[in-house]
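Note sheet for the following structure.
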Amino acid sequence: MDSIQYTTQYQFHGGIHPEEHKELSNQHSIGELGVPPQLNIYLGQHNGQPALPVVNVGDYVKRGQLIGRMQGNLSANVHASSSGTVKEIALRPVAHASGMNDLCVVIDTDGNDASEYLEPIADYASVNKQVLLDRVAEAGIVGLGGAAFPSNIKLMPRVNHLIINAAECEPYISCDDRLMRENADELINAIQCVQSIIGAQHCTIGIEDNKQEAINALLLAIEKQDPNNNSHFQICVVPTKYPSGGEKQLIELITGKQVPAQQLPLALGIIMHNVATALAVYRAITKGEVLTQRLMTITGKAATIRGNFWTRIGTPFDWILEQAKVNTQVLDRVIMGGPMMGFEIQKLDSGTVKSTNCTIFAETNELATSNNSLPCIRCGLCADACPVSLLPQQLYWHSKSEEFNKAEHYNLFDCIECGACSYVCPSNIPLVQYYRFAKNEIVRQSDEKAKASHARERHEFRELRLQREKAERAERHRKAAEARKKAAMQKGEADEKKATIADAVARAKARKQQSKD
Amino acid sequence: MTNYFLLLVSTVLVNNFVLVKFLGLCPFMGVSNKVETAIGMSFATTFVLTLASACSYVVNEFLLTPLGLEYLRTLCFILVIAVVVQFTEMVIHKTSPVLYRVLGIFLPLITTNCAVLGVALLNVNEQHSFIESIVFGFGAAAGFSLVLVLFSAMRERINVADVPLPFRGAAIAMITAGLMSLAFMGFSGLVKIS
Amino acid sequence: MLKSSPFNQASNSVTQLMLQVILATLPGALIMFYFFGWGVLFNLLTCSLVAMASEAAILKLRGRDFKSGLSDYSALVTGILIGLALPPLAPWWVAVIGTFFAITFAKHVYGGLGYNPFNPAMVGYVLLLISFPVAMTSWLPPQNIATNAVNFLDSLNLFLFEIDSQGNKLNFYLQNADGFTMATPLDELKTGLSMGFTTAELQDKLILTGWVNQGWQWVNIAFLVGGLYLLTRKVIHWYIPVGMLGAIFLTSGLLTWIDPDLHISPMTHLFSGATMLGAFFIATDPVSAATTPKGRIIFGAGIGFLVVIIRNFGGYPDAVAFAVLLLNMAAPLIDHFTQPKVYGTRDA
Amino acid sequence: MNTLMAVVLLVLLAALFGALLGYAAVRFKVESDPIVEQIDNILPQTQCGQCGYPGCRPYAEAIANGDEINKCPPGGEAGVKALADLLGREPKPLDESLEESVPKVAVIREDECIGCTKCIQACPVDAIVGAAKLMHTVIADECTGCDLCVPPCPVDCIDMIPLTNNDLHHWQWPNPNSEPHSPFESEQIIPVKQVS
């Protein structure tokens with residue numbers, strides 16, 4: 001291994017080059033957004049089951065105090081992001097594409113920001129892995145790249161190769177970029193920490209070539225922290241192309257291998273974590289910090305103050321809007337996440353979540369999508385752009401005509417909803433929405449199917465039971481009659497009276513038995 | 001050999017039974033809603049047509065002509081065809097129940113498929129030999145199958161197109177068949193059998 | 001209405017794609033104008049006008065928004081393609097009937113833009129070819145070798161009234177210097193070969209002199225230039241043109257290798273008739289072509305193969321239109337069987 | 001003579017072919033009809049009996065024997081379409097005498113229940129638990145919403161509550177397909193039906 005930094009020789013199929021607009025937010029150093037007067041913390045903000053509230057209305061909570069406990073295997077803890085009083089635990093608008101309400105904990109902050117952290121684990125190398133995993137789970141850390149998958153689960157397996165995802169391919173977003181520029185030393189330590197938990201020999205940091213300053217900062221930090229490169233760090237520079245930051249796309253860019261369909265990167269002996277996640281894991285272990293804040297990009301042409309800010313989880317968007325001095329005259333829409341895969345925030349009183357890496361205050365015509373779409377002319381630009389080598393126009397055709405089994409035949413579920421197809425479509429067709437609709441519908445139908453087959457089983461079982469009962473009843477009648485006959489034979493005709501009595505008794509018995517069941 | 005090849009090309013493309021001679025339109029319209037069905041129907045028709053042209057040749061050559069009963073030709077051919085179709089129906093019912101159900105009424109209808117009788121009668125008219133009869137029958141069926149499968153794939157696409165309501169269904173299918181026929185005109189003159 | 005991501009879009013549109021196609025036909029149209037005179041212009045104008053008018057009328061009839069429907073210019077492209085395919089100085093009603101049929105029956109009966117299984121321009125052209133064979137095969141000779149050159153007024157008269165001011169009919173202008181009236185090179189070759197001449201003997205004919213033939217090779221080169229422009233602007237893909245031209249070259253090469261006396265040479269195939277127009281402008285119509293990468297190569301190769309077969313053995317001198325329609329028929333099936341491999345299913 | 005020969009020939013041919021077909025009928029005999037299984041798989045298994053048959057499987061058998069495919073309200077239009085696809089028949093609108101039903105679940109008002117067990121006997125999927133003289137309750141997850149328990153109840157304490165999956169976890173992306181259709185293309189003006 002000659003040099004730490006190298007440029008990838010591989011590429012993935014498709015991809016697009018949307019306008020980046022990163023310069024809107026990556027010019028200023030990281031700031032603090034502060035504590036809003038009210039926090040609106042969503043209990044279901046991670047992948048998996050929503051957390052169970054463990055505080056009561058009126059309780060005083062400190063920053064870092066557990067307010068929602070994970071339930072089941074795939075879930076995460078939720079903590080108070082600042083000190084204050086629990087105002088209510090109720091259905092509130094949440095940061096979700098549907099714009100619907102769900103269970104939230106609303107905290108009136110007191111401004112003291114009194115905190116309650118966990119005990120730091122200074123020497124993580126010497127403790128049991130399970131202790132570290134428990135700590136990560138306790139701190140409620142999830143993947144901060146956008147998926148919000150509980151990190152403790154992703155740290156569990158032992159693999160040879162750790163890939164740190166620093167590609168940040170979505171336009172507008174620059175929080176990982178700034179983080180690498182400004183906290184490179186700590187980041188390198190953090191990556192070493194994650195690497196030691198996973199037990200990986202190699203570690204590759206995948207980063208797009210439009211972040212030269214971040215690359216330089218990392219190189220410098222590696223030289224400082226690990227002059228002999230004992231951790232086998234490599235920085236793989238990938239070309240700037242959306243979606244190079246997609247998990248499977250980045251793996252192909254770095255290793256040249258494709259993750260087998262319907263499988264995890266684990267199948268190739270690879271685990272991937274986002275840079276910000278690595279930092280959060282490190283801080284949770286060495287400083288005892290639970291996940292109460294994250295770095296978030298505030299951008300968009302309608303915002304006057306743009307940049308990257310440490311933001312408390314649960315910060316309402318309307319408060320951010322005030323802080324960023326957004327010109328509401330020209331504000332068109334507020335988007336959480338990037339323009340390619342994010343969604344529109346419909347109710348501004350909902351709070352940020354752990355996966356809110358960016359808030360875009362877009363002005364009119366900035367992120368405009370045409371409302372009237374023309375018919376598909378099958379030009380195939382979408383198929384060229386698709387990073388998964390699907391045939392988007394076929395998927396669209398079948399999703400639109402609701403021929404879902406045909407859409408599945410065209411591998412609908414391999415679609416990663418990256419939006420490249422919609423982006424290039426000259427007819428402005430909302431392709432991704434068609435796929436999302438079709439996927440939802442297929443899942444619903446298969447649920448119904450499962451329910452139906454369950455009902456059939458129960459019905460068939462019942463029919464069987466009724467038949468068996470009928471047969472048993474007939475059998476009992478027959479036995480009683482036989483017994484009667486036998487008795488009559490034994491006693492002989494002389495004892496006719498007794499026989500009659502026995503007969504009656506047997507009949508009564510049978511009747512008794514019958515009424516029992 | 002070349003002669004058989006030319007005969008085959010001629011029956012499949014140049015004198016396509018459906019698009020040029022307009023025979024066998026009933027199953028062409030009826031069983032072209034889905035590609036899978038069309039492929040099944042193609043196999044069934046190919047089997048029936050080839051077998052029927054062979055059988056009818058035998059019946060014509062060794063029974064009707066020696067006995068001077070040519071006037072019974074149509075009657076006997078229909079008898080032969082009906083038996084072959086019935087036989088095919090039983091085989092399909094046993095081997096592929098879904099296909100059997102999907103082909104539905106069209107399977108027995110092969111009996112009255114004018115293409116089948118047409119092939120048998122044309123064989124006699126053109127004074128084809130036994131091998132030629134079989135090649136002709138097979139070629140006719142292959143041509144029928146080719147356009148049927150192509151047509152069904154097109155219809156699957158057209159069925160979900162934004163066709164104006166008055167043209168939906170059979171109407172647009174007819175127009176499409178007409179345009180296909182137009183395209184097949186391109187093959188005319190391709191093979192000149194003396 | 002709730003909208004899903006993505007929230008940004010590349011700045012391309014169907015309108016732009018269509019305009020690029022129209023722009024790319026310009027060199028070819030100009031060269032045709034140079035060689036064949038005013039008739040080319042009349043055809044283009046008439047076909048474009050009729051195409052737009054029919055499109056507007058039908059959109060109106062269907063109650064669609066006909067302003068936005070017209071502004072995609074797809075009808076204009078259809079009109080221009082028919083205009084380029086028609087013989088110059090064919091009577092005006094030929095252009096009108098063909099274009100009207102193309103727009104209504106090949107396009108709008110199926111639901112309009114994006115739904116037509118057949119290339120509308122070629123449906124219109126084939127309809128004309130079958131219905132009016134004489135009018136459709138009376139090509140003017142290139143003007144540099146024509147006996148009687150045709151001026152603007154005569155052209156207009158011929159176009160409108162089928163007779164010029166001196167009372168000459170179209171036939172008068174069809175003669176070239178060596179006195180033959182069948183004027184396209186492919187026609188000439190076909191007739192000559194069927195009369196028992198060899199290709200070498202036919203080379204002496206005036207229309208077949210020059211690099212590969214008179215005039216037509218420059219028309220084809222101009223369309224090739226336009227096509228290359230479309231390729232560089234990524235309006236079309238290389239799959240179909242390369243498949244088609246490759247198949248023409250290979251098939252005709254094989255045939256000439258077998259018997260050079262009876263078969264037209266690959267170069268003549270490539271640079272005569274509608275080869276380049278077909279390869280870059282007609283076969284590449286995305287709506288009616290196959291869509292998968294592999295499928296497009298097969299689609300193009302199929303067209304190329306049929307073009308050579310029909311030109312060499314069939315009843316028509318040129319075959320691009322028929323070949324395109326025949327492969328249009330097969331496109332859904334080709335797509336059905338050429339799905340690309342999805343990420344993660346490729347062999348390691 | 002010639003006529004006699006013709007008659008003999010035809011009789012012989014007919015006899016020969018008859019024998020052939022007779023043999024084939026024995027050789028290719030079909031025992032069961034697996035199509036019933038496939039039809040049954042499409043039916044929603046509510047066992048509600050609205051189709052006029054005592055359950056979903058009997059109806060599946062009836063369809064296989066040629067009954068209409070549009071008699072299943074819980075399956076809805078989607079179900080009819082799936083059946084039409086499987087059987088190669090034309091999809092029809094749901095039988096007019098039946099209305100498409102929304103998914104429902106039975107709920108017993110427990111304080112009114114007298115414990116008569118009548119509903120337990122009626123339930124086709126054993127989704128009601130309880131014993132004589134004791135209160136009954138419906139296992140909501142097992143209930144198919146078939147209505148069959150409502151008529152036998154002597155005190156009318158069973159309600160059919162429509163299932164509302166109106167929360168974030170049941171939320172779906174809406175279908176973006178909202179093509180404008182002009183009045184010219186409305187069904188009432190052009191009564192054209194596909195006949196094949």
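Basis for what follows: all heavy atoms, side chains included, without hydrogens, waters or symmetry-related copies.
Around the CG atom of A:N73, the shell of radius 6.0 Å holds no more than 12 heavy atoms that belong to other residues, nucleotides or ligands. Taking a 6.0 Å sphere around NZ of A:K347, one finds it holds more than 12 heavy atoms contributed by other residues, nucleotides or ligands. Counting non-hydrogen atoms of other residues, nucleotides and ligands closer than 6.0 Å to CZ of A:F413 gives a total above 12.
We find that A:R462 and D:D126 are joined by a salt bridge, their nearest charged nitrogen and carboxylate oxygen being less than 4.0 Å apart.
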| Could you walk me through whether A:K451 and D:T144 pass the side chain to side chain contact (heavy atoms under 4.5 Å, CB included) check? | CA-CA 9 Å; A:K451 211 178 160 200; D:T144 62; over 6 Å; no
| Worked verdict on D:N175 versus A:E402 for side chain to side chain contact (heavy atoms under 4.5 Å, CB included) | CA-CA 10 Å; D:N175 186 351; A:E402 307 193 10; 3.2 Å; yes
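Both the backbone and the side chain of D:P124 come within less than 4.5 Å of a heavy atom of chain A. Within the 4.5 angstrom heavy-atom criterion, only side-chain atoms of A:V94, from C-beta onward, approach chain D.
For chain A, the option among D:C123, D:G55, D:C56, D:A132 with the highest count of heavy-atom pairs below 4.5 Å is D:C123. Between chain D and the residues A:E457, A:K449, A:E448, the largest count of heavy-atom pairs under 4.5 Å involves A:K449.
Using a 4.5 Å heavy-atom cutoff, the side chains of D:H169 and A:D102 are in contact.
We find the CD-CZ distance between D:E142 and A:R458 to be 3.5 Å, quoted to the nearest 0.5 Å.
Nearest heavy-atom pair, D:P174 versus A:F437, reported as atom, atom and distance to 0.1 Å: O-CB, 3.9 Å.
Just one of D:Q47, D:Q45, D:R57 meets the side-chain contact (heavy atoms from CB on, under 4.5 Å) condition when paired with A:H459; it is D:Q47.
Checking D:D141 against A:H454 by side-chain atom types alone, no donor-acceptor pair falls below 3.5 Å.
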